[in-house]
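What follows is one structure encoded as structure tokens, with my remarks underneath.
Worth saying up front: this structure is predicted, and the values here are computed from it rather than measured.
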Amino acid sequence: PFTSLFTPTGTATLAVGPVSSAVAFASFGSNLTAVIRNDGPSRAFVVIGNSSVVATSTGIPVDPGNVVGFPQGLATTIAAITLANNAAVLVIESGTGDPEIVYATSAGTAGAVSVITYGADPTGLVDSAPAFQAALATGSNVFAPAGRYLLTKSLTVGGAGTAQWLFGAGLATTLYVDDTFDTAASQIIALVGLESLAPRVMDLAIQFTQPIDATSRATFQTLAAGGTSGLGGTGVKYPPAIAWTGTCNRFHLYRIQLQNAWDGIVQLSGNSGGWTMADLEIGAYNQGIVVGTNLDFSRIDRVEFWVYGMAVPNRAIYFDGATYAMRFLDTASPAIASGSVSSSNIQVFCGAISINQLLGSYIFFTNLMLDNDNARIEHVNSVGTKITNLYSSCTISGPSSAKPTISVSGGHLMIVNYTGQAFGVQAPGILVSSGWLQMIGGDITGYTAGAQPLIHVIGGFFAMSNFRFAMNSAGPLWTS
């Protein structure tokens with residue numbers, strides 16, 4: 001229920017009041033990054049400043065290293081306190097369920113500079129790119145308070161000799177891009193920095209404008225080719241929202257939403273690795289996440305690919321079978337890979353996962369969900385891919401462009417514990433033309449009409465064991 005309001009200036013006093021009030025806190029601490037408001041029901045909470053408890057809702061001390069032990073259901077008012085400049089603050093709420101950190105500063109966030117200080121306009125009426133660039137050029141961590149910020153130029157996070165962070169106030173902070181954006185830019189946000197100097201971007205949304213009446217990707221153009229984003233426009237193939245090359249590794253991306261993007265989060269070139277992405281919501285017409293060659297172990301966790309920000313007419317583009325949620329490609333020549341990419345808790349709506357890394361890393365998925373038309377796996381090549389717990393509820397009965405739910409044309413794919421609902425007439429559910437596909441354990445239910453088989457093997461190697469079928473099918477279960 002807590003949200004941050006603005007960046008204060010000067011040393012101030014924390015206001016007295018119940019947490020359930022509209023504004024529970026007044027401004028405090030010139031180097032703190034936000035003021036906090038609670039818009040939800042009353043919750044007990046604790047405020048910790050400078051690594052020691054300075055106030056709680058009942059005055060009961062709390063061990064900062066043991067927040068799980070914080071009691072629940074306490075009173076909801078605190079005494080006024082004063083926090084000095086540069087204070088590190090932790091706010092913990094407790095109600096029904098486990099305690100949750102709702103706001104925190106740390107060595108990385110305490111003392112962050114605000115883009116407002118450098119002239120950013122949170123109303124979105126004036127270009128805020130110069131203000132963001134100036135704030136980032138300081139090398140300090142940069143905070144964008146709640147607001148809608150128009151950007152016409154690319155931003156670079158990192159590369160100034162510090163492990164720089166760019167962060168906002170959650171979805172209340174939106175970076176807004178339209179067809180006035182720089183035609184020569186390669187991305188909206190560039191990540192730069194190696195090892196201990198790797199950057200972080202978190203707690204914000206990036207919103208791209210598209211014509212709300214666009215219905216075909218064939219009309220979309222790049223900005224350099226004259227793409228337009230207004231009503232009746234062509235639609236714009238914007239550069240990636242976030243991108244990096246081999247000059248960056250070990251970066252972190254947390255709690256980011258992309259709306260109406262063409263390309264989402266993309267490794268452009270080089271050997272990278274050791275990075276983490278988590279809690280992402282991605283709406284991209286072309287490709288959501290593109291993973292290149294990895295030299296280390298990288299993680300992707302809790303990501304949903306959905307039609308975020310897309311007008312209803314535009315969703316026909318997203319559904320046309322040419323949208324890729326995730327792509328795994330070789331991005332270095334020669335590719336020198338000795339790591340892996342581990343993805344967990346991934347939800348894909350109407351998009352493909354394409355794996356084509358001839359010299360790439362090992363790829364692992366745990367808890368992968370594919371939903372609706374053309375949500376599928378295209379396995380072209382890999383050293384080895386393993387999917388544990390795959391669920392698909394995919395129709396392949398709609399457009400003539402419908403694709404198989406699982407297709408293997410090269411490499412080695414193993415699926416352990418597959419639950420599939422197959423409804424199709426336009427394409428087989430599982431197609432093997434080359435390479436290896438091993439499926440161990442699971443069940444497949446549903447209905448297929450016409451002559452299309454559920455499983456079609458025309459080459460390569462296919463093995464299936466410990467499966468249950470509950471099909472009502474006019475076509476064959478298996479052809480080869």
Side-chain angles (χ1 to χ4, degrees), residues 243-251 264-278 287-301 303 305 324-346 348 351-370 375-390 392 403-418 430-442 457-465:
W244 75 100
T245 69
T247 61
C248 186
N249 65 5
R250 304 194 186 284
F251 61 83
I265 300 170
V266 178
Q267 182 174 338
L268 297 174
S269 63
N271 292 298
S272 182
W275 42 259
T276 299
M277 306 180 193
Q287 48 192 10
I289 296 177
V290 178
V291 175
T293 314
N294 267 263
L295 288 171
D296 207 333
F297 301 99
S298 299
R299 298 187 301 122
I300 304 173
D301 192 20
V303 181
F305 299 90
Y324 284 85
M326 302 177 73
R327 301 182 72 189
F328 295 82
L329 304 171
D330 287 325
T331 54
S333 181
I336 307 172
S338 59
S340 69
V341 180
S342 175
S343 302
S344 60
N345 304 305
I346 309 297
V348 176
I353 294 177
S354 175
I355 299 167
N356 187 10
Q357 285 193 325
L358 181 62
L359 299 173
S361 308
Y362 287 91
I363 298 167
F364 300 94
F365 283 90
T366 303
N367 301 334
L368 171 61
M369 288 163 278
L370 307 175
R376 65 194 188 276
I377 296 169
E378 295 180 355
H379 197 274
V380 181
N381 229 320
S382 75
V383 175
T385 302
K386 183 175 182 180
I387 303 173
T388 303
N389 301 334
L390 170 62
S392 67
K403 309 291 197 306
T405 301
I406 301 170
S407 65
V408 177
S409 58
H412 186 183
L413 170 62
M414 176 184 290
I415 300 174
V416 179
N417 191 19
Y418 173 54
I430 299 170
L431 175 64
V432 181
S433 58
S434 185
W436 291 57
L437 173 59
Q438 295 175 277
M439 303 182 73
I440 304 171
V457 179
I458 59 177
F461 175 88
F462 176 68
M464 174 180 275
S465 63

Only counting residues at least two apart or in another chain, list the ones meeting side chain to side chain donor-acceptor pair (under 3.5 Å) with Asn356.
none

Are the side chain of Gln267 and the backbone of Gly270 linked by a donor-acceptor contact shorter than 3.5 Å?
yes

Using 30° and 60° as the class limits, which term best fits the ring planes of Trp275 and Trp244: parallel, tilted or perpendicular?
perpendicular

Within the structure provided, determine whether Glu378 and Ile355 are in side-chain contact (heavy-atom separation under 4.5 Å).
no

Can Thr385 and Tyr362 be counted as having a side-chain donor-acceptor contact under 3.5 angstrom?
no

What distance do Leu370 atom CG and Ile387 atom CD1 have between them, rounded to the nearest 0.5 Å?
8.0 Å

Residue pair Tyr418, Thr405: steps toward the side-chain contact (heavy atoms from CB on, under 4.5 Å) verdict
CA-CA 12 Å; Tyr418 173 54; Thr405 301; 4.1 Å; yes

Would you please test Arg327 and Ile353 for side-chain contact (heavy atoms from CB on, under 4.5 Å) and show each step?
CA-CA 6 Å; Arg327 301 182 72 189; Ile353 294 177; over 6 Å; no

What distance separates Ser340 OG from Lys386 NZ, expressed to the nearest 0.5 Å?
12.5 Å

Can you run down the salt bridge (charged side-chain N to carboxylate O under 4.0 Å, His left out) pairs that involve residues 430-441, sequence neighbours left out, and say none if there aren't any?
none

Begin from the C-alpha positions of Asn367 and Ser344 and carry the test side chain to side chain donor-acceptor pair (under 3.5 Å) through to its verdict.
CA-CA 6 Å; Asn367 301 334; Ser344 60; over 6 Å; no

Are the side chain of His379 and the backbone of Ser407 linked by a donor-acceptor contact shorter than 3.5 Å?
no

side-chain hydrogen bond (donor to acceptor under 3.5 Å, both in side chains) with Asn389: which of Asn345, Asn417, Thr366?
Asn417

Quick one: do Val303 and Val348 satisfy side-chain contact (heavy atoms from CB on, under 4.5 Å)? Show the steps, please.
CA-CA 8 Å; Val303 181; Val348 176; over 6 Å; no

Could you work out, with salt bridge (charged side-chain N to carboxylate O under 4.0 Å, His left out) as the rule, every residue matching Arg250, not counting sequence neighbours?
Glu195, Asp296

Those residues at least two apart in sequence (or on a different chain) that pass side chain to side chain contact (heavy atoms under 4.5 Å, CB included) with Ser409 are Val380, Ser433

Could you tell me if Ser272 and Asn249 have a donor-acceptor pair between their side chains, going purely by distance under 3.5 Å?
no

What is the distance from atom CD1 of Ile440 to atom OG of Ser465, rounded to the nearest 0.5 Å?
5.0 Å

Applying ring-ring contact (aromatic ring centres under 6.0 Å, His included) to Phe462 and not counting sequence neighbours gives Trp478

So how far is it from His412 NE2 to Trp436 CH2, rounded to the nearest 0.5 Å?
6.5 Å

When rounded to the nearest 0.5 Å, the distance separating CZ of Arg376 from CD1 of Ile430 is 15.5 Å

State which residues pass side chain to side chain contact (heavy atoms under 4.5 Å, CB included) with Thr276; sequence neighbours excluded, sorted by chain then number.
His252, Tyr254, Arg299

Indicate yes or no: at least one non-hydrogen side-chain atom of Leu437 is less than 4.5 angstrom from one of Ile415.
yes

Could you check whether any side-chain heavy atom of Ile406 comes within less than 4.5 Å of a side-chain heavy atom of Val432, counting everything from C-beta outward?
no

Would you mind reporting whether Ile346 and Ile300 have side-chain heavy atoms less than 4.5 Å apart?
yes

Please work out whether the ring planes of Phe328 and Phe365 are parallel, tilted or perpendicular, with thresholds of 30° and 60°.
perpendicular

Main-chain N/O of Ser382 paired to Gln357 side chain as donor or acceptor, under 3.5 Å:
no

Please check if the side chain of Gln438 supplies one atom and the backbone of Met464 the other of a donor-acceptor pair under 3.5 Å.
no

Pairwise distance OG(Ser298) to CD1(Ile363) - rounded to 0.5 angstrom
11.0 Å

